[in-house]
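First the structure, in the form of structure tokens, and then the observations on it.
Below, read A as the first sequence line, B as the second, and so on, with proteins coming before strands; counting in each chain starts at 1. Computed over heavy atoms, backbone and side chain alike; hydrogens, waters and symmetry mates excluded. Keep in mind that this is a model prediction, so the values were computed, not measured.
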Amino acid sequence: MIPGLKRELESAVSEACRRVFGVEAPRIVLETPPKVELGDLACPVAFELAKVLKRPPRKIAEELALTLTLPALVVKRSVEGGGYLNFFLDRPRTLRAMLVAGNAAPAVPAGAGKLIVEHTNINPNKAAHIGHLRNAVLGDVLVSTFKRLGRPVEIQNYLDDTGVQVADVIVALQNAADLVESSRAKRLGEEIREILDAFPGHAPGVAPRRLGDLAWDLYALAVRSYAADPSLEEKRRATLHAIEGAATGDDLDEEAAATAALAGRLADAVVRCHLLTMERVGVNYDLLPRESDILARRFWVKAFELLKKAGAARLETEGKNLGCWVMPLEGAPEFEGMEDADKILVRSNGTVTYTGKDVAYQLWKLGVLGIDFEYEEVPYRDVDGSPEFHASDGVSPLYRTRHDEVGADVSARGRFGNGSHVINVIDVRQSYPQKVVREAVRRAGFPEAADRSVHFAYEMVALTPASAEALGVELTDEDRARPFVEMSGRRGLGVKADDLLDRLVEKANDQIRARASEPPEAGRAEAIAVGALRVYMTRFSRNKVIAFDLDEALAFEGDTGPYLQYAAVRAANIFRKLEEIGLKGHLDAAEIDGLGALPASALDDGLWDVVRTCSRTLDTLEKVAESLEVSLLVRHALAVAAGFHHLYHTHPIAQEKDETTRRARRAALQVVSVHLADVLGVLGVPVPGRM
RNA sequence: GGGCCCGUAGCUCAGUUGGAUAGAGCAGCGGUUUCCUAAACCGCGUGUCGCAGGUUCGAUUCCUGUCGGGCCCA
């Protein structure tokens with residue numbers, strides 16, 4: 001609503017409560033009535049008061065309505081339903097106020113620190129699938145919501161470049177002959193090596209994403225092979241040892257060093273694939289922190305010191321965890337009911353668990369670890385040598401962490417981390433480890449830091465048994481009876497992000513061809529595809545499992561991205577057409593200023609309904625920031641678009657003869673355009689020039 | 001065994017934090033284009049809000065239990 005109006009109304013209502021009934025008003029809620037005819041704002045305060053005053057809510061509302069001192073913008077009050085106190089705004093002046101306000105960011109509370117949002121975090125050993133897309137798009141929309149609200153945000157995409165999954169592909173590359181389907185494994189391996197040999201340049205004639213696809217298949221082969229040949233497990237251990245040793249600067253023999261180098265190149269090259277995929281859908285980052293650098297910079301050593309000093313880590317001298325450093329969790333209420341709540345931080349062989357590294361990283365993000373990374377610009381280059389990726393502002397270089405100052409960009413020191421708040425976008429299956437990390441931060445002596453971090457948990461993207469089988473995966477009868485099956489990189493079971501995007505682009509092109517004679521401008525089909533995808537990924541509540549359905553994902557009608565885009569395109573077309581036929585299009589400042597003089601009758605209910613919907617944009621953004629429920633924004637966008645499409649058919653402008661009516665409609669249209677563009681911008685739904 | 005999530009129309013989902021006649025999209029049927037692009041619009045809906053209790057003037061919403069499905073920890 002209009003900035004300030006809400007507060008004015010709230011204080012007017014509570015003042016009346018005190019004056020009329022001598023009671024302190026309960027919290028004043030203002031909602032939007034279900035229909036325009038019922039007004040612009042509704043206050044259910046009388047229902048609350050009915051409890052205290054022991055009188056019928058409707059009577060209370062009527063008394064309040066009579067004596068209320070109203071803000072200037074409110075022209076009428078009424079009592080509706082069982083006791084709603086409703087307010088009607090001065091339409092011309094409200095419209096003017098909304099156009100004057102535009103989409104200015106609200107005032108940010110002074111001293112609001114930097115928010116760090118961590119998302120994407122795909123293991124760099126295979127192509128991204130649609131589950132990763134949900135993570136990235138949710139994270140990205142959260143980021144833009146906060147940015148839209150004026151908060152400084154830093155986006156981090158954490159790379160587990162020293163993990164088991166990378167090691168698995170390396171084992172497969174180096175032992176292709178020992179894998180199941182060894183001839184296929186060899187072919188995959190050879191092609192992967194060719195691509196890696198060209199990296200950090202580009203293998204000529206090879207599509208950039210080819211590596212992700214090959215690694216996807218090889219990884220699945222590797223996983224299957226462990227079961228068939230247990231000796232491979234030993235090779236995996238050796239590989240991991242080599243990778244970690246290289247990161248921590250151990251003396252390695254030639255073979256181990258070569259293995260680690262290969263792993264590094266694989267991870268680097270696959271990360272590039274992921275960045276390209278994410279760039280396709282408009283997702284970007286500011287920093288890529290690497291696990292190898294957490295090891296190299298001895299983050300864990302520091303975190304471990306803090307934990308030991310605070311008495312939060314204990315060396316087990318007996319039992320099954322003999323020789324391990326654990327964090328005992330029995331006492332914590334959150335971990336009640338667990339038989340063995342102790343979390344291993346350091347294994348008896350001296351290696352740090354994933355949790356341990358995560359704790360160190362989390363402490364760093366929260367600014368309490370006490371040491372920092374070095375940084376460098378990400379080295380990925382286009383064929384012409386220009387940087388392939390930028391930071392989220394679109395111009396700054398994208399950075400990644402570095403283990404030492406040799407070759408590091410010293411000007412970047414201290415620029416990253418140290419967030420006043422941290423949001424980790426990780427699916428709900430990681431709730432337990434996330435809880436452990438948070439608890440570790442608390443116990444390391446930083447309870448207030450722990451309170452500044454939240455786990456943004458969302459449900460997974462799964463496949464319907466039918467769609468899994470359509471991908472050629474063999475399912476058990478048990479799987480077939482399930483409502484959905486989990487995607488699994490290990491099983492090679494999943495829909496790759498780029499494949500889905502290709503299908504969307506293909507379909508968009510078909511649709512474009514079906515309705516236009518001239519060939520579309522470059523990027524039009526891609527824009528539509530991205531719009532469809534982003535809306536599909538965000539329109540469900542985050543705690544809902546998405547059972548992926550290809551037809552649903554490919555839908556362009558109804559509650560979809562193209563529906564939103566079409567509204568924006570049509571709105572732009574109207575202004576263009578108006579100017580073409582010599583009429584005024586957009587309102588200039590003077591015309592906006594004069595809107596207050598418009599007769600109220602020019603803004604009928606049909607027209608006003610849409611404006612009323614638009615008035616909730618800022619509230620919705622704030623609600624998204626508070627609840628971290630991104631789908632609220634999508635639904636708001638759909639409501640604005642639906643309102644617009646309705647208006648389109650009922651309130652023509654170019655054909656309208658009366659200038660005043662036209663002006664009223666143009667003004668309403670302009671409000672809708674501004675809000676639609678605003679919301680689509682935050683959602684990352686691009687608007688093509690035409691549809 | 002413990003914890004978390006889901007259950008609303010044939011299907012996929014909303015439901016403004018306990019209130020107005022429980023709403024959208026899809027699918028189906030019918031209609032709208034000499035008009036700012038029909039990716040749109042208009043019309044057509046009797047749903048045990050999983051089930052049973054409880055709190056309340058009022059419960060899809062809160063509490064307890066229970067059934068079914070999913071995830072995580074052990």
Side-chain angles (χ1 to χ4, degrees), chain A residues 27 29-35 38 42 44 46-48 50-51 54-57 80-84 86 329 334-343 427-436 457-460 462 481-486 507-508 511-512 514-516 528 531-532 536 539-547 549 551-552 555-567 569-578 580-581 583 585 616 619-620 623 626-627 631-632 634-636 638-639 641-642 644-656 665 669 690-691:
Chain A
R27 69 185 196 295
V29 177
L30 287 173
E31 37 192 64
T32 309
K35 287 190 172 129
L38 293 171
F47 293 108
E48 294 294 324
K51 291 175 191 162
K54 306 280 180 212
R55 294 178 54 193
E80 306 285 346
Y84 280 96
N86 288 13
L329 290 168
E334 280 188 296
F335 296 89
E336 238 174 290
M338 300 185 51
E339 274 174 38
D340 178 15
D342 295 350
K343 188 70 201 175
D427 81 66
V428 71
R429 290 170 293 186
Q430 298 295 316
S431 292
Y432 172 74
Q434 280 291 298
K435 226 159 75 170
V436 170
Y458 64 93
E459 267 290 358
M460 62 180 164
R482 289 163 169 268
F484 48 79
V485 288
E486 269 186 78
K507 180 164 176 195
Q511 301 271 319
I512 291 166
R515 64 197 81 210
I528 293 168
Y536 180 70
R539 69 168 209 249
F540 305 99
S541 317
R542 65 181 153 107
N543 52 8
K544 218 94 171 184
V545 176
I546 297 181
D549 180 90
D551 291 334
E552 210 175 49
F556 286 176
E557 286 166 21
D559 287 348
T560 64
Y563 181 86
L564 300 176
Q565 295 171 315
Y566 190 35
V569 167
R570 277 181 141 181
N573 285 349
I574 297 175
F575 285 122
R576 192 173 52 213
K577 178 76 178 188
L578 285 172
E580 264 172 32
I581 60 176
L583 294 173
R616 289 198 296 261
D619 292 338
T620 305
K623 213 175 281 183
E626 190 195 318
S627 65
S631 64
L632 294 175
V634 180
R635 289 201 291 270
H636 179 250
L638 288 166
F644 167 78
H645 280 305
H646 179 74
L647 210 61
Y648 184 87
H649 289 272
T650 55
H651 291 68
I653 300 177
Q655 296 90 333
E656 174 57 45
R665 292 181 181 180
L669 175 66
R690 297 175 70 86
M691 286 293 280

Across all strands, who's sitting opposite [N] as a Watson-Crick or G-U wobble pair, both distances under 3.5 Å?
| N | result |
| --- | --- |
| rG47(B) | none |
| rA40(B) | rU32(B) |
| rU60(B) | none |

Mind calculating the distance between [atom1] ([X]) and [atom2] ([N]) to the nearest angstrom?
| X | N | atom1 | atom2 | value |
| --- | --- | --- | --- | --- |
| E557(A) | rA24(B) | CD | C1' | 16 Å |
| R429(A) | rC5(B) | CZ | P | 17 Å |
| Q434(A) | rC72(B) | CD | C1' | 13 Å |
| Q430(A) | rC71(B) | CD | C1' | 11 Å |
| F644(A) | rA38(B) | CZ | C1' | 14 Å |
| L632(A) | rA14(B) | CG | P | 10 Å |
| D559(A) | rA14(B) | CG | P | 11 Å |
| R542(A) | rC13(B) | CZ | C1' | 17 Å |

Taking the [atom1] atom of each, how far is [N] from [M], in whole Å?
| N | M | atom1 | result |
| --- | --- | --- | --- |
| rU64(B) | rG70(B) | C1' | 23 Å |
| rG50(B) | rC6(B) | C1' | 11 Å |
| rU60(B) | rC41(B) | P | 31 Å |
| rU12(B) | rG54(B) | P | 33 Å |

**Study point:** Contact under 4.0 Å: K35(A) side-chain N or O vs rU21(B) OP1/OP2
**Key:**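 Result: no.
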Check your understanding: Within less than 4.0 Å of OP1 or OP2 of rG58(B), is there a side-chain N or O belonging to K51(A)?
Key ->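 No, K51(A) has no side-chain N/O under 4.0 Å of OP1/OP2 on rG58(B).
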Please work out if [X] contacts a base, only the sugar-phosphate, or nothing of the nucleic acid, heavy-atom cut-off 4.0 Å.
| X | value |
| --- | --- |
| H651(A) | base |
| Y648(A) | base |
| A547(A) | nothing |
| E656(A) | nothing |
| E80(A) | base |
| P483(A) | sugar-phosphate |
| N543(A) | sugar-phosphate |
| L638(A) | nothing |

Among [options], the nucleotide that comes nearest once only the side chain of [X] is considered:
| X | options | answer |
| --- | --- | --- |
| K544(A) | rC36(B), rA14(B), rA20(B) | rA14(B) |
| R690(A) | rG70(B), rU37(B), rA14(B) | rU37(B) |
| S541(A) | rG25(B), rA14(B), rC72(B) | rA14(B) |
| A654(A) | rC36(B), rU16(B), rC13(B) | rC36(B) |
| E459(A) | rU17(B), rC36(B), rC5(B) | rC5(B) |
| K623(A) | rU16(B), rA20(B), rG15(B) | rU16(B) |
| A42(A) | rA20(B), rG70(B), rC73(B) | rA20(B) |
| R570(A) | rA38(B), rC36(B), rU37(B) | rA38(B) |
| M691(A) | rA20(B), rU37(B), rC72(B) | rU37(B) |
| Y432(A) | rC36(B), rC72(B), rC6(B) | rC72(B) |

Check your understanding: Under 6.0 Å between the ring centres of F47(A) and Y84(A)?
Key ->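 Yes, the ring centres sit under 6.0 Å apart.
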Check your understanding: Where do N573(A) and R576(A) land on the side-chain hydrogen bond (donor to acceptor under 3.5 Å, both in side chains) test, with the steps shown first?
Key -> CA-CA 5 Å; N573(A) 285 349; R576(A) 192 173 52 213; 2.6 Å; yes
Check your understanding: Taking the six-membered ring for Trp, are Y648(A) and F644(A) parallel (under 30°), tilted (30 to 60°) or perpendicular (over 60°)?
Key ->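 Tilted.
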**Study point:** Stepwise side-chain hydrogen bond (donor to acceptor under 3.5 Å, both in side chains) test for R542(A) and S631(A)
**Key:** CA-CA 8 Å; R542(A) 65 181 153 107; S631(A) 64; over 6 Å; no
**Study point:** Aromatic ring of Y563(A) stacked on base six-ring of rA40(B), 5.5 Å, 30°
**Key:**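 No, aromatic ring not over the base.
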